[in-house]
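First comes the structure, then the notes that go with it.
Lettering of chains follows the sequences in order, A, B, ..., and the numbering in each one begins at 1. Note that the coordinates shown come from a computational prediction; the quantities given were computed from them, not determined experimentally.
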There are 2 protein chains.
Amino acid sequence: MNLKQLSHMLSLSQTTVSRALNGYPEVNEETRRRVMDAAKRHGYRPNPSARRLATGKTGMIGYVLPTGTSVDIDPHFVEFLSGLGDYARSHELDLVLSPADADDQETTYRRIVANRQVDAVYISSPRPADRRVALVNTLGIPFIVHGRSEGFDFDYPFTDIDNEGAFHEAARLLVQLGHRRLALINGDDRETFAIHRERGVRRALAASGLTLGERHVCSVVMTEENGYRATRRLLEQGDAPTAIACSSLIMALGVVRAVRDLGLTIPGDLSLIAHDDVFPWLKPENFSVPLSTTRSSIRLAGARVAERLAARISGLEEGARGEVWPVDLVVRGSVAGAPA
Amino acid sequence: MNLKQLSHMLSLSQTTVSRALNGYPEVNEETRRRVMDAAKRHGYRPNPSARRLATGKTGMIGYVLPTGTSVDIDPHFVEFLSGLGDYARSHELDLVLSPADADDQETTYRRIVANRQVDAVYISSPRPADRRVALVNTLGIPFIVHGRSEGFDFDYPFTDIDNEGAFHEAARLLVQLGHRRLALINGDDRETFAIHRERGVRRALAASGLTLGERHVCSVVMTEENGYRATRRLLEQGDAPTAIACSSLIMALGVVRAVRDLGLTIPGDLSLIAHDDVFPWLKPENFSVPLSTTRSSIRLAGARVAERLAARISGLEEGARGEVWPVDLVVRGSVAGAPA
DNA sequence: CAGAAAGGCCAAAGCGCTTTGAGAGACTTT
DNA sequence: AAAGTCTCTCAAAGCGCTTTGGCCTTTCTG
């Protein structure tokens, strides 16, 4: 059942039927009802391929997926996707993942824009002066950055959480509890979120005349193993920290294991606060010692990004507004006063 | 730069240019070279929207993504996706995720097929007599099932691992080590993989005249918390098992925590084997007691599924061949003889 | 009551590609 | 030399939608 057939059986032109269906004003309400009715009865669904050829609109949002045998997709992605998908569903949007060589995403971005394969894209895990952001900005496709970049001479729309504020609060709490030697086990410090978190910790320390020692900050891919290694290194050196802020729950697993291996305890010997993106399958309150966290649902962020993308596609949102969500500090058993 | 312009500057018809580019035989090799050359020089890329309208081919593979506020996407998905994406990239395929109400995926499958939105689809986490499999089979779109369904009067193409064999081996090892009371902490037993794993365990036990007690098998969503709860329940009841087979590494985290909470040890009081899908961010050898596992890279499976989908799209593969991959049993410190 | 404005509808021209059916030449075959 | 084959190329007809520009009525204005 295509438009031609439908208009034929209604004895109307394709023009009128198309307009009736798409809500254009220049069609009689009575006629529109007839058309709508017939369309529903015959299960007419406009062919998207034809529509996109005519309009350029695809009803899809895009994401360039860095791949490669040695490239791992972040497990956070799946939670973000849950939120994104949930919103997208309610708006009949599909998501197209375009796999790209992790070292050459530009080609793929250019392709999906030139080919009009999607109506909008989002970018995640941005770095300072991220080339992808600059690229999509010049390419002129609607986009939202999940996270933040820095150092451009233009503004861009983003949704981010207050990473600096979160880690500032976390560190401030630890300092208040008497800790003087903090350490930060961070994610990849080429990414903005990690930079912001470090900044937050430093600012809190500075407020009390303290500093974050060179050897007290590590930047690693966020795996359990790396959390373990970083902690061993931190705790086995002289000048061991009495408190650790950690950028992910998965790394925190490794921290806990290392502490246990060393015969130490949390929070007696070490206080620990980690960032929690709220996974359904791993919860901070279920750590052997309930884990204090800075909490922000990455799933909600996914939904929000989808919402903004949809708004931009339909022209309801424009401009370069960035939004920063506050982060909850949730105190549980893993923090205590500094050991004497 | 479109076909019209290109053919114009070559003083050829669109037909000839199109054929030259698409490798049709009825065009002079000399002409073809000229065309290819000009196309490359001017960066001509056929407009996919137009092409798909004309041919119905999209260059995309589809996946219907069950969503909903209370629906969690399995973290395994991201690893599978890594493999799938890596292969898809090398073949210029995109992946489109169509979010659907988890309780009504049929509508979405029908839509993407009717609209010719993708060239092929894959189905994951199938259940026995899975309606999705029956549906795509009748809809006639190329597909591959990742996993297996059961109980159809037709065959279908799938790629699965030998879940039954893997858990059979695992259980057999435990029995050989003298364990008489095994327990199985399984995933959702409405899914085929879980059924097969249980079958494997039962078969191994039966071979030694043992059985899997009603209260010794649990079927839960695979989270750390559920692993913990299941283990507490198992170990605190009379008739506590001396060995556990567990369907996921994440649940195994909970098992380990529960054992520790109860003041017991692995493998002294309890032997543990878990299934490992090979995550980059959580490795069995890094458990406080290195974890024995049945190991199979879900990432490789993703790549294989993509490969087969590509083959089916291009007509290189047809028929309903199913393939079953063997699973490695990797013995580490978490198993030992049954306690006396 | 003439002229303008608005309302409702349509034919046809795209969108950019593939594919059908046919034709012009060159080259064999009888 | 007429007829039949190949080889290469083309014009034109789709694919199924949206959108432009225009036409015919009807209704409003002065």
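Considering only side-chain N and O atoms, A/T16 lies under 4.0 angstrom from the phosphate OP1 or OP2 of C/dC10. Contact check, B/S18 against C/dT18: a side-chain N or O comes under 4.0 Å of OP1 or OP2.
In this structure, the side chains of B/I144 and B/E323 stay at 4.5 Å or more apart for every pair of heavy atoms.
Using a 4.0 Å heavy-atom criterion, one finds that B/T31 contacts the sugar-phosphate atoms exclusively.
The CG-C1' distance, from A/N47 to C/dC15, rounds to 13 Å in whole Å. Here the P atom of nucleotide C/dG16 and the CD atom of B/Q5 are 8 Å apart, to the nearest Å. If you measure from atom CZ of B/R52 to atom P of D/dG14, you get 23 Å, rounded to the nearest angstrom. If you measure from atom CG of B/L10 to atom P of D/dT9, you get 11 Å, rounded to the nearest angstrom. Between the CD atom of B/Q14 and the C1' atom of D/dA11 there is a distance of 10 Å, rounded to whole Å. When the P atom of D/dC10 is taken as reference, atom NZ of B/K4 falls 15 Å away, rounded to whole Å. Distance, A/L12 CG to C/dA12 C1': 17 Å, rounded to whole Å. Rounded to whole angstrom, the span from the CG atom of A/N28 across to the P atom of C/dC9 amounts to 5 Å.
The residue among A/Y24 and B/T55 whose nearest nucleotide of DNA chain D is located toward the 5' end is B/T55. Between B/E26 and B/L53, the residue anchored nearer the 5' end of DNA chain D, judged by the nucleotide with its closest heavy atom, is B/E26. Comparing A/S11 and B/M1 by the nucleotide of DNA chain C whose heavy atom lies nearest to each, the residue mapping closer to the 5' end is A/S11.
Side-chain proximity of B/A50 to C/dT19, C/dG14, C/dC17: nearest is C/dC17. The side chain of B/P46 approaches C/dC17 more closely than any other nucleotide in the set D/dT18, D/dC10, C/dC17. Taking the side chain of A/R19 as heavy atoms from C-beta on, and the options D/dT20, C/dT18, C/dG21, the nearest nucleotide is D/dT20. The A/N22 side chain lies nearest to D/dT18 when the options are D/dA11, C/dT19, D/dT18. Side-chain proximity of B/N2 to the nucleotides C/dG16, C/dC9, C/dT19 is greatest for C/dG16.
Checked by atom type and distance alone, the side chain of B/T108 never pairs as donor or acceptor with a backbone atom of B/V64 at under 3.5 Å.
Residue A/T15 places no side-chain atom within donor-acceptor reach of the base of D/dT18, judged by atom type and a 3.5 Å distance cut-off alone.
For NE2 of A/H8, the number of neighbouring non-hydrogen atoms (other residues, nucleotides, ligands) closer than 6.0 Å is 12 at most. Atom CZ of B/R321 is surrounded by more than 12 heavy atoms from other residues, nucleotides or ligands within 6.0 Å. No more than 12 heavy atoms of other residues, nucleotides or ligands sit less than 6.0 Å from atom CZ of B/R116.
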